[in-house]
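Note that this is a predicted model, so its numbers are computed, not measured. Just so it is clear: chains get the letters A, B, ... in the order the sequence lines come, proteins before strands, and each one is counted from 1.
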There are 2 protein chains.
Amino acid sequence: MKNIEDYKNEFKKKGLKLTGQRLKVLKVIQERPREHLSAEEIYSLVKEDDPGIGIATVYRTLSLLENMQLVKKIHLYDDYMRYEAVEPDEEHEHHHLICNYCGTIKDIHEDLLEDLEKNVEQKTGFQVHNHRVLLFGTCKSCALENK
Amino acid sequence: MKNIEDYKNEFKKKGLKLTGQRLKVLKVIQERPREHLSAEEIYSLVKEDDPGIGIATVYRTLSLLENMQLVKKIHLYDDYMRYEAVEPDEEHEHHHLICNYCGTIKDIHEDLLEDLEKNVEQKTGFQVHNHRVLLFGTCKSCALENK
DNA sequence: CTACTTGCAAACGTTTTGCATTTGA
DNA sequence: TCAAATGCAAAACGTTTGCAAGTAG
C-alpha cells in the first residue's frame, strides 16, 4: 500500500470516495510514524494545508481509516486516544516503552511473546491472535538526569 | 489491608473521613475482583444499597482510592476506564486475556516478561519498572461455538 | 465545632450526529 | 447525475467542578 492509485482502488471497492480531506489525514499520519497523534493534533496539522476542514471530518475519516485497517487507534498512558499508521508487513502489533518521567513513547518492533502465546493457549484454551505490551519505566536521558 | 479499622487508619493518616459512601464503593469493587467495572457500573451497584448517592461522589471516591493505591484504573479494549481492586501482594501488574468475540476478560497472574525486561534494558538503556500485557484472541467457549 | 464530604446542577473536553450544502466519480 | 462526503452547530458522552448543605470525628 503506497501510492494514491492503490488507495483509490481500496476506497472504490467499498463505494467510498478518496477526497482531498481523507488523503490529507492519511498523509499526516503516515508521515509521522512514531508520533502517536491525537485527533486534535491531526486536526491542527491538516488545517495547515486545508484551513477549512472541520474536526468532524477528521473524526469521521479516522474511524473510516481504522475500519479499513490503514490506521490503528490505541490507548497508551493518558486519557487520549491516539492514532498511528498500520505498518502493512507487521504481523503482530509493535509495542511501546513509556517513560514515567518525561512521557516519551518509544516503539519496539520485536515480537515479544510468541512462546508465551503458545504457553497460554495450552494452559487455558484461549487462542491468542495478537498481543499488546506496554513497558513502563525510565528512559535513558531521564535516568541520567535523575541520577 | 482487610477490615474496616485498617481502612479507617489509612484514611485518618491523611485527614480523610471513611464515610458510608466511600466504604460502599470500596466494597463493591473488592467483592468483584475480576469484573473490571466501569464508573457507571460501580455507581449503579452502590445505588442498590444507597439510592441517594450521586455519581460525582463515585468519581471522587474512585480517584481517591486510586491515589491511595487501593484501586487501579485501567484501560482495556474499549472506550471506558475500568477499576479493579489492587491485590496487595502483587509485585507487578497482572494481565488480561480479551476475547474478540464475546468481550470476556480473563486475568492471568503469571509474571510474563521478567527476562524480556532485562533484555530491553540492555539493548535500549530504558529501565523497565513495570509492564502491562493485553492478549487478544478467542476464548475457549467462543472457539467451540464458531468451530 | 468545623474541616471534610456530599448531592445537585452546571461545565468541561472529546467525540458523534443531524442537516443542508457541496463534491467526486 | 446523485450517492457519498463535508462543514457547521448542536447534542451526546463520560468526567469534573462550584457551591450550599450535611456530617464524621
Out of curiosity, Leu97(B) CG to Glu121(A) CD, how far, rounded to the nearest 0.5 Å? 10.0 Å
Between His131(A) and His129(A) (judged by ring centroids, cut-off 6.0 Å), do the two rings come close enough to count as a pair? no
Is there a side-chain contact between Val25(A) and Thr57(A) in this structure, where contact means two heavy atoms from C-beta onward sitting under 4.5 Å apart? no
Quick check for you: to the nearest 0.5 Å, what is the distance between Arg60(B) atom CZ and Arg22(B) atom CZ? 9.5 Å
Salt bridge or not between Lys24(A) and Asp49(A)? Use side-chain N to carboxylate O under 4.0 Å. no
Does Ser38(A) make a side-chain N or O approach to OP1 or OP2 of dT14(C) shorter than 4.0 Å? no
Using OP1 and OP2 only, check whether a side-chain N or O of Gln21(B) sits under 4.0 Å from dT23(D). no
Using the C1' atoms of the five pairs at each end, what is the angle between the end axes of the helix from dC1(C)-dG25(D) to dA25(C)-dT1(D), to 10°? 30°
Rounded to whole angstrom units, what separation is found between the CE atom of Met81(B) and the P atom of dT15(D)? 8 Å
Using atom NZ of Lys13(A) as one end and atom P of dA25(C) as the other, report the distance to the nearest whole Å. 16 Å
For a quick test of reading the model, state the closest non-hydrogen atom pair linking Tyr43(A) to Ile55(A) and the distance between them. CE1-N, 3.5 Å
Calculate the interatomic distance between Leu64(A) atom CG and dA5(D) atom P; express it in whole Å. 7 Å
Tell me the interatomic distance from Met68(A), atom CE, to dA4(D), atom P, rounded to whole angstroms. 15 Å
Atom CG of Leu16(B) to atom P of dT23(D): distance rounded to whole Å? 19 Å
Determine the minimum heavy-atom distance between Glu84(A) and Ile74(A), stating which atoms define it. OE1-CD1, 3.6 Å
Counting only non-hydrogen atoms, which of residues 39-63 of chain B are less than 4.0 Å from DNA chain C? Gly52(B), Ile53(B), Gly54(B), Ala56(B), Thr57(B), Arg60(B)
Gap between atom CG of Leu23(B) and atom NZ of Lys17(B) - 0.5 Å precision: 15.5 Å
Just how far, in rounded Å, is P of dG25(D) from CG of Leu18(B)? 7 Å
For the pair made of CD in Glu66(B) and P in dT16(D), what is the distance, rounded to whole Å? 10 Å
Quick one: Lys17(B) NZ to dT6(C) P, roughly how many Å, whole number? 9 Å
To the nearest 0.5 angstrom, please state how far the CZ atom of Arg132(B) sits from the CD1 atom of Ile98(A). 7.5 Å
